[in-house]
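Some notes on the structure that comes next.
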Amino acid sequence: MNDGREVVLVSCDDQDFKLPLQAGNLSELVKNAIETDDDDEDEEFRIIIPKVKGSVLKYVADFCTHYTTQDKMHPIQTPIKSVKIEDQVQGWYVEFISRAYKNDLLFELVRAANFMNIAPLLQLACFKVAITIKGLKREEILHTFQLSSVLTEEEEQHIKEENQWTR
């Protein structure tokens with residue numbers, strides 16, 4: 001149900017994204033902020049999202065709008081039986097998360113979904129991470145996500161010794 005009211009999400013770099021109130025309410029953070037607003041007659045709510053950049057908040061707004069106004073994403077089944085994301089979710093969501101991955105925004109999208117408490121987006125983004133790293137060695141994971149090891153050799157050795165039971 002769309003009652004015509006809107007929410008404007010404001011990124012940490014001052015970019016505005018307008019979406020239907022119903023879409024904004026997919027985020028528990030936004031929903032709670034709106035519920036604490038004293039003026040119920042507002043046609044438009046303005047919510048500052050301090051930890052999310054505009055480039056990522058655009059993805060969040062697109063996801064929430066599509067999810068609530070077009071086509072809810074099918075729940076992702078676990079344990080993961082296929083490494084093909086299209087076996088789990090509809091085409092729009094496959095294209096959406098693939099675009100985020102290609103634009104190197106996947107981890108930022110995970111952080112934003114977690115911070116804003118958007119369960120279906122967090123599930124989709126984490127699913128993409130899981131299928132991307134499935135079967136990869138540590139070095140391949142670091143390379144795939146352009147990460148550098150922040151552990152010293154001694155720290156790595158200590159972790160290996162502590163986790164011998166996993167082998």
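Only heavy atoms go into these numbers, but all of them, side chains included; no hydrogens, no water, no symmetry mates. From a predicted model like this one, the values you see are computed outputs, not experimental measurements. Residue numbers run from 1 in the order of the sequence given.
- Taking every heavy atom of both residues into account, A112 and V60 meet most closely at CB-CG2, 4.1 Å.
- L26 contributes atom CG, which lies 8.5 Å from atom NZ of K72 (distance to the nearest 0.5 angstrom).
- Residue-environment remark: CD (E161) exceeds the threshold of 12 foreign heavy atoms within 6.0 Å.
- Side-chain atoms of H158 and E162 include a donor-acceptor pair closer than 3.5 Å.
- Ionic pairing of E108 and K53 is present here: one or more N-O contacts between side-chain nitrogen and carboxylate oxygen are shorter than 4.0 angstrom.
- The shortest side-chain heavy-atom distance between F63 and L124 falls under the 4.5 Å cut-off.
- Contact of the E44 side chain with the K18 side chain is registered, since non-hydrogen atoms from C-beta on lie closer than 4.5 Å.
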Candidate pair K160 and E155, rule salt bridge (Lys or Arg N to Asp or Glu O under 4.0 Å), full reasoning: CA-CA 9 Å; K160 286 178 184 177; E155 290 170 326; over 6 Å; no

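- A heavy-atom distance below 4.5 Å is not found between the side chains of I49 and V10.
- Atom-to-atom distance recorded for K58:NZ and N103:CG is 11.0 Å, nearest 0.5 angstrom.
- Within the 4.5 Å cutoff, the side chain of T69 has no heavy atoms near those of the L19 side chain.
- D13 contributes a side-chain N or O that, together with a main-chain N or O of G54, makes up a donor-acceptor pair within less than 3.5 Å.
- In this structure, the side chains of T132 and K128 come closer than 4.5 Å at one or more pairs of heavy atoms.
- Within the model, atoms CZ of R5 and CG of N25 stand 8.5 Å from one another, a figure rounded to the nearest 0.5 Å.
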In sequence, state the C-alpha distance, the side-chain angles, and the governing distance for H74 and Q88, and then conclude on side chain to side chain contact (heavy atoms under 4.5 Å, CB included). CA-CA 7 Å; H74 298 164; Q88 292 276 344; over 6 Å; no

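- No side-chain donor-acceptor contact under 3.5 Å links E95 to the backbone of W92.
- The backbone N or O of M116 lies less than 3.5 Å from a partner atom in the side chain of S27, making a donor-acceptor pair.
- When atom types are taken as modelled, the side chain of Q22 and the backbone of T68 share a donor-acceptor pair closer than 3.5 angstrom.
- Looking at heavy atoms from C-beta onward, V52 lies out of side-chain contact with C12 at the 4.5 angstrom threshold.
- Enclosure of atom NZ in K134 by more than 12 non-hydrogen atoms of other residues, nucleotides or ligands within 6.0 angstrom is indicated.
- I34 and V8 end up in different hydrophobic clusters when Ile, Leu, Val, Met, Phe, Trp and Tyr side chains are linked at under 4.5 Å.
- Residues L21 and E6 form no side-chain contact, since every pair of their non-hydrogen atoms from C-beta on lies 4.5 Å or further apart.
- Using modelled atom types, no side-chain atom of T65 and backbone atom of D62 make a donor-acceptor pair closer than 3.5 Å.
- Between I47 atom CD1 and D16 atom CG the span is 12.0 Å, to the nearest 0.5 Å.
- Pairing each heavy atom of V110 with each of A125, the nearest pair is CG2-CB, 3.5 Å.
- Between the side chains of D71 and Y93, no donor N or O sits under 3.5 Å from an acceptor N or O.
- In this structure, L109 CG and R111 CZ are separated by 10.0 Å, a value rounded to the nearest 0.5 Å.
- Looking at L121 and F96, their side chains come closer than 4.5 Å, going by heavy atoms from C-beta outward.
- From F17, atom CZ reaches atom SG of C64 across 12.5 Å, with rounding to the nearest 0.5 Å.
- For the pair N32 (side chain) and E28 (backbone), a donor-acceptor distance under 3.5 Å is present.
- Within a 6.0 Å sphere centred on CD1 of I48, heavy atoms belonging to other residues, nucleotides or ligands number 12 at most.
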